[in-house]
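Taking it in order: structure first as structure tokens, then the write-up.
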Amino acid sequence: MRILITFVIVFFFNNVFADQPRLRYSFKSSNGFYELKPSDTIFSDNKTYIDSTFNPLTKKYELFSYTYPDRYFWGLYDLRANEKLYTLKNDSLFIEFKTARISDNGEQIIIVDDFSSKFGFPQFNAVQFHKKNKLIKTLRLGDLLDNMCSISYSVSHMRWCFDFDFIDDNKFEIKTYEYFNYIFDIEGNLVEKKI
């Protein structure tokens, strides 16, 4: 019987990807009129870099190699007219690992790093407010959380908020794990903080 149970567990749960990074290459406004997606590719240099880390168990430095992935320019498209309105340069944004919200008029894009593979600390860039293709304001975790212990960690990712979205074209709401609801205007200025 144990062998059968072991076989069932190994066979059926072999392809579970519980903590894999999210990769999204398309974000649409809630009214479905606008879509943010990659429009051009920034090819990496194909160079292999070598670095080392210290292994405390063996008390030795171990070498590892890595390359930089290709990156993208992201374009906001008007789906009704089938045209690109403007472009966001994604050299350090890595939008595909984050969540982007687009206002119903296509003027504002807010990018939230809500499922990051990085460690949460007060200077971590959590939310970026864009008006068309210009970055207006960046909010850090220290602006949104009083205590970094309220961050939830999994094996390889961290989360710090329940939900976020546009209330209307002029306000954006974020619900944090500290049970505060922050309401910001489209410039990234705090309008209201409530429980």
Side-chain angles (χ1 to χ4, degrees), residues 17 20-46 67-118 120 123-145 156-177 180-193:
F17 300 105
Q20 295 294 314
R22 296 177 309 188
L23 288 172
R24 288 188 58 193
Y25 293 99
S26 173
F27 298 95
K28 290 186 178 177
S29 61
S30 61
N31 61 8
F33 295 158
Y34 301 96
E35 181 180 16
L36 181 67
K37 62 184 179 180
S39 57
D40 295 306
T41 304
I42 307 168
F43 293 103
S44 65
D45 58 5
N46 290 332
T67 59
Y68 285 108
D70 295 337
R71 293 164 296 167
Y72 307 97
F73 285 106
W74 286 63
L76 186 80
Y77 292 84
D78 184 340
L79 298 177
R80 296 167 297 179
N82 198 21
E83 67 177 331
K84 181 166 59 169
L85 301 176
Y86 53 87
T87 302
L88 287 176
K89 187 176 180 188
N90 189 27
D91 54 352
S92 62
L93 286 177
F94 296 104
I95 298 170
E96 62 271 15
F97 294 110
K98 302 173 185 177
T99 304
R101 294 285 195 248
I102 304 157
S103 64
D104 283 342
N105 63 9
E107 297 285 318
Q108 288 78 28
I109 298 174
I110 300 177
I111 299 170
V112 181
D113 197 349
D114 62 323
F115 188 67
S116 180
S117 61
K118 298 178 180 131
Q123 291 76 30
F124 178 81
N125 291 334
V127 182
Q128 295 173 327
F129 289 81
H130 295 263
K131 181 164 180 136
K132 294 193 176 182
N133 59 348
K134 295 192 182 350
L135 175 65
I136 297 173
K137 188 165 190 177
T138 299
L139 297 176
R140 302 178 193 281
L141 274 182
D143 300 329
L144 299 164
L145 299 175
S156 62
H157 289 83
M158 67 103 171
R159 295 183 66 102
W160 56 271
C161 65
F162 290 112
D163 196 20
F164 47 89
D165 210 346
F166 282 96
I167 297 173
D168 56 37
D169 280 342
N170 297 318
K171 292 187 181 151
F172 188 78
E173 182 177 29
I174 302 172
K175 299 175 183 178
T176 68
Y177 279 176
F180 285 111
N181 292 357
Y182 291 89
I183 298 175
F184 296 93
D185 65 13
I186 56 174
E187 304 288 323
N189 301 313
L190 182 63
V191 173
E192 185 179 358
K193 177 181 176 181

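Owing to the predicted nature of the structure, the values given are computational and were not obtained by experimental measurement.
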Flag the pair Y34 / Y77 as yes when their ring centroid distance falls below 6.0 Å, and as no otherwise.
no
Please walk me through it: do V112 and R101 pass side chain to side chain contact (heavy atoms under 4.5 Å, CB included)?
CA-CA 8 Å; V112 181; R101 294 285 195 248; 5.7 Å; no
[X] [atom1] to [Y] [atom2] distance, which is reported to the nearest 0.5 Å:
X    : Y    : atom1 : atom2 : value
E187 : I136 : CD    : CD1   : 4.5 Å
L36  : K28  : CG    : NZ    : 12.0 Å
F180 : I174 : CZ    : CD1   : 14.0 Å
F94  : L23  : CZ    : CG    : 11.5 Å
D168 : N105 : CG    : CG    : 10.0 Å

So [Y] and [X], do their side chains get closer than 4.5 Å, heavy atoms only?
X    : Y    : result
F162 : N181 : no
T99  : F164 : yes
L141 : M158 : yes
I95  : F27  : yes
F73  : L88  : no
I186 : F172 : no
L85  : L76  : yes
F124 : S116 : yes

May I ask you to decide if K37's main-chain N or O and S26's side chain share a donor-acceptor pair within less than 3.5 Å?
no
Between Y177 (side chain only) and R159 (backbone N and O only), is there a donor and an acceptor less than 3.5 Å apart?
no
So, for [X] and [Y], which heavy atoms are closest and what is the spacing to 0.1 Å?
X    : Y    : result
A100 : I109 : CB-CG2, 4.4 Å
S29  : S103 : CB-O, 3.7 Å
L145 : W160 : CD1-CB, 3.9 Å
S39  : G75  : OG-N, 3.6 Å
G32  : L79  : O-CD1, 3.4 Å

For the pair I110 and V127, evaluate side chain to side chain contact (heavy atoms under 4.5 Å, CB included) and give the outcome as yes or no after the intermediate values.
CA-CA 7 Å; I110 300 177; V127 182; 3.6 Å; yes
Is the positively charged end of K137 above the ring of F129, judged by distance under 6.0 angstrom from the centroid and angle within 45° of the axis?
no
Going by the angle between their ring planes, with limits at 30° and 60°, are F184 and Y182 parallel, tilted or perpendicular?
parallel
Taking the inter-plane angle between the rings of Y25 and W74 on a 0 to 90° scale, is it parallel (under 30°), tilted (30 to 60°) or perpendicular (over 60°)?
parallel
Stepwise side chain to side chain contact (heavy atoms under 4.5 Å, CB included) test for Q108 and K131:
CA-CA 5 Å; Q108 288 78 28; K131 181 164 180 136; 4.1 Å; yes
Within the supplied structure, the quantity of interest is the number of heavy atoms (other residues, nucleotides, ligands) at a distance under 6.0 Å from [X] [atom1]; does it exceed 12?
X    : atom1 : answer
K118 : NZ    : no
D163 : CG    : yes
K171 : NZ    : no

Determine whether D113 and N125 satisfy the following criterion, side chain to side chain contact (heavy atoms under 4.5 Å, CB included), listing intermediate values before the conclusion.
CA-CA 8 Å; D113 197 349; N125 291 334; over 6 Å; no
